[in-house]
Amino acid sequence: MIPPSVAPLQQQNWQQCLRDAVTSPRELLDILALPANLLDDIEAVCRDFPLRVPRPYLDNIEKGNPYDPLLRQILPLTEERLTTPGFSLDPLEEIPANACRGLIHKYPNRALLITTSACAIHCRYCFRRHFPYTENSNSRAQWQQAMDYLSNHKEINEAILSGGDPLNLSDKHLEWLISSIAEIPHIKHIRIHTRLPVVIPQRITEDLISTLKSTDKNCIMVVHCNHGNELSRAVITGLKTLKDNGITLLNQSVLLAGINDHADTLAALGEKLFSAGVLPYYLHLPDKVQGTAHFDISEAQALSIYRELQAKVSGFLLPRLVREIPGQTSKTLVHEPVSGD
Ligand SMILES: *Cc1c(COP(=O)(O)O)cnc(C)c1O
Ligand code: SF4
């Protein structure tokens, strides 16, 4: 076996993988041997939020199975066009929390930077599907404003690169952002929220690793994986390489109806993540964003799955079950009603 640190990570150029992503519904159905009658629905839905799926991710989907848990994350369905009461366009009320262009400061000690609007994959349940990204995509000069904000707010000790997907940025741009943040003395942690290592494992390049190692700040990467089938050999190799290079790896999942809403599925995911050097961090209840009601899980259902999961995995493999309530100063832990509540 090849030790992970010298595995041939750069065989295929990740930028090529980004460009080659499948965006044509017809091609998707062809590749996955799915019935062509799905096409009309998909095309109508794609006008609002286009189909996008990188080919390495497609390789993990079972052909001919319309219920594959990875397929359901990327397949546009007519249900997305339903208007559901209680579901909004900006459920997290992020838009008013825009402290300056490209920066969201909702929780006192940490600020989130919207580094790019682009994602490598379009997840159909995404809570940012209606976010006004174009108003938040910064040029370098505009970034200075965000850096000044970080410098002037001494209570912020962590900068979180988010998006879109920050690893969509070139290594050069990323290096510039990270080194600019690293110049701010009171920032202790630099965190990257990304789905790229899971959907295009080729993204874990030597250059990326040297960029992440170039700072003496703590570097944390929170990946986003919802199902064990997403962790192919290539994905595991990439993650292990990051871990071996001193990056702290955590995972957040979204609890999604029809995808991972079983304790066994989540337990298997946790074990597999651990074998790739990643600890489960958050299990999010889906945000109530318009067009995603078919993925929704009630709090009672979520708690029942979670209770079962807790009995199946060691404590360190148990993610925190959370939901986001606008106006709160952190994510909100979802827990059993305590007697007397
Ligand atoms: C989720 C989130 C964070 C990070 O929260 P943690 O609980 O530290 O993971 C920071 N800022 C915003 C706006 C967020 O939505
Ligand atoms: S990668 Fe994240 S931000 Fe991008 S579409 Fe998927 S869930 Fe949304």
Side-chain angles (χ1 to χ4, degrees), residues 12 14-84 87 118-130 164-165 168 195-203 223-236 253-262 264-266 268-269 272 286-287 289-297 305:
Q12 222 183 335
W14 65 273
Q15 280 158 319
Q16 190 64 36
C17 291
L18 273 183
R19 281 191 294 272
D20 280 354
V22 174
T23 54
S24 145
R26 187 180 297 275
E27 190 185 359
L28 179 78
L29 298 182
D30 272 358
I31 295 175
L32 294 176
L34 291 168
N37 64 5
L38 287 170
L39 205 58
D40 295 344
D41 286 354
I42 297 181
E43 280 176 339
V45 173
C46 282
R47 279 194 284 274
D48 298 334
F49 185 48
L51 168 77
R52 169 168 290 277
V53 51
R55 287 169 207 268
Y57 191 82
L58 277 186
D59 291 343
N60 304 325
I61 298 180
E62 187 193 353
K63 290 200 166 59
N65 176 9
Y67 299 101
D68 181 279
L70 276 52
L71 176 70
R72 304 295 284 188
Q73 297 181 48
I74 53 102
L75 182 71
L77 295 174
T78 40
E79 283 91 328
E80 294 179 27
R81 306 185 82 195
L82 297 174
T83 303
T84 317
F87 287 69
C119 281
I121 186 166
H122 285 177
C123 313
R124 305 316 298 183
Y125 52 85
C126 183
F127 66 93
R128 294 229 168 95
R129 55 187 289 156
H130 307 287
D165 199 313
N168 260 40
R195 190 143 156 76
L196 261 161
V198 174
V199 303
I200 303 182
Q202 291 80 355
R203 181 65 186 93
V223 297
H224 170 182
C225 179
N226 297 314
H227 194 285
N229 292 2
E230 291 174 322
L231 295 167
S232 63
R233 286 182 71 97
V235 172
I236 292 172
S253 306
V254 185
L255 185 57
L256 296 162
I259 292 172
N260 58 8
D261 52 343
H262 289 285
D264 283 332
T265 310
L266 295 168
L269 171 62
K272 215 165 168 185
D287 299 309
V289 66
Q290 206 54 261
T292 66
H294 52 297
F295 290 118
D296 199 39
I297 293 202
I305 296 166

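Sequence positions, counted from 1, serve as the residue numbers for this chain. Since we're looking at a predicted model, the values are computed, not measured.
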State, yes or no, whether a side-chain contact exists between R195 and C123 at a heavy-atom distance under 4.5 Å.
yes
Walk me through it: do T84 and D296 pass the test side chain to side chain contact (heavy atoms under 4.5 Å, CB included)?
CA-CA 11 Å; T84 317; D296 199 39; over 6 Å; no
Determine yes or no for a side-chain-to-main-chain donor-acceptor pair under 3.5 angstrom, with Q73 supplying the side chain and P69 the backbone.
yes
Please check if the side chain of N229 supplies one atom and the backbone of L70 the other of a donor-acceptor pair under 3.5 Å.
no
With the threshold set at 4.0 Å, does a side-chain nitrogen-carboxylate oxygen contact exist between R124 and E79?
no
Would the distance check show the side chain of Q290 and the main-chain N or O of F87 forming a donor-acceptor pair, the cut-off being under 3.5 Å?
yes
Taking G258's backbone N and O only, do any of them form a donor-acceptor pair with D261's side chain (distance below 3.5 Å, no angle check)?
yes
Report yes or no: does N226 contribute a side-chain atom to a donor-acceptor pair with the main-chain N or O of N260 at less than 3.5 Å?
no
What is the minimum heavy-atom distance between S253 and C225, and which atoms define it?
OG-O, 2.7 Å
Can you find a pair of side-chain heavy atoms, one from S232 and one from V235, that are under 4.5 Å apart?
yes
Gap between atom CH2 of W14 and atom CD of Q202 - 0.5 Å precision
11.5 Å
In this structure, CG of D165 is separated from CG of L18 (nearest 0.5 Å) by 9.0 Å
State, with a plain yes or no, whether a side-chain heavy atom of L231 is found less than 4.5 Å away from one of I236.
yes
Taking all non-hydrogen atoms of both residues into account, name the closest pair between C119 and R52 and its distance.
O-CD, 3.3 Å
Enter the distance from L75:CG to L38:CG here, rounded to the nearest 0.5 Å.
6.5 Å
Kindly say whether F295 contributes a backbone atom to a donor-acceptor pair with the side chain of T292 at under 3.5 angstrom?
no
Closest heavy-atom pair, I200 versus P54, reported as atoms and distance to 0.1 Å, is CG1-CB, 3.6 Å
What one should report as the nearest heavy-atom pair of L51 and C46 is N-SG, 3.6 Å
Heavy-atom check, side chain of L28 versus side chain of I74, under 4.5 Å
yes
List the atom of V198, the atom of H224, and the distance in Å for their closest heavy-atom pair.
CG2-O, 3.8 Å
Given 3.5 Å as the limit, does a donor-acceptor pair link the side chain of R72 with the main chain of P66, or not?
yes
Which heavy atom of I259 sits nearest a heavy atom of H227, and at what distance?
O-CD2, 3.4 Å
Do L255 and L266 touch side chain to side chain, with heavy atoms closer than 4.5 Å?
yes
If the threshold is 4.0 Å, N to carboxylate O, is there a salt bridge linking E230 and K272?
no
Kindly compute the distance separating CG (L256) from OG1 (T265), expressed to the nearest 0.5 Å.
11.5 Å
How long is the gap from CZ on R233 to CG on N60, to the nearest 0.5 Å?
12.5 Å
Should V45 and R81 count as side-chain neighbours, where that means a heavy-atom distance under 4.5 Å?
yes
Using 0.5 Å steps for rounding, measure from the CD1 atom of I31 to the NZ atom of K63.
8.0 Å
Determine, stepwise, if the pair N65 / L71 fulfils side chain to side chain contact (heavy atoms under 4.5 Å, CB included).
CA-CA 8 Å; N65 176 9; L71 176 70; over 6 Å; no
For the residue pair F49 and H122, does the interplanar ring angle fall in the parallel (under 30°), tilted (30 to 60°) or perpendicular (over 60°) class?
parallel
Going by heavy atoms in the side chains, are E80 and D48 under 4.5 Å from each other?
no
Heavy-atom side-chain contact between V22 and R55 under 4.5 Å:
yes
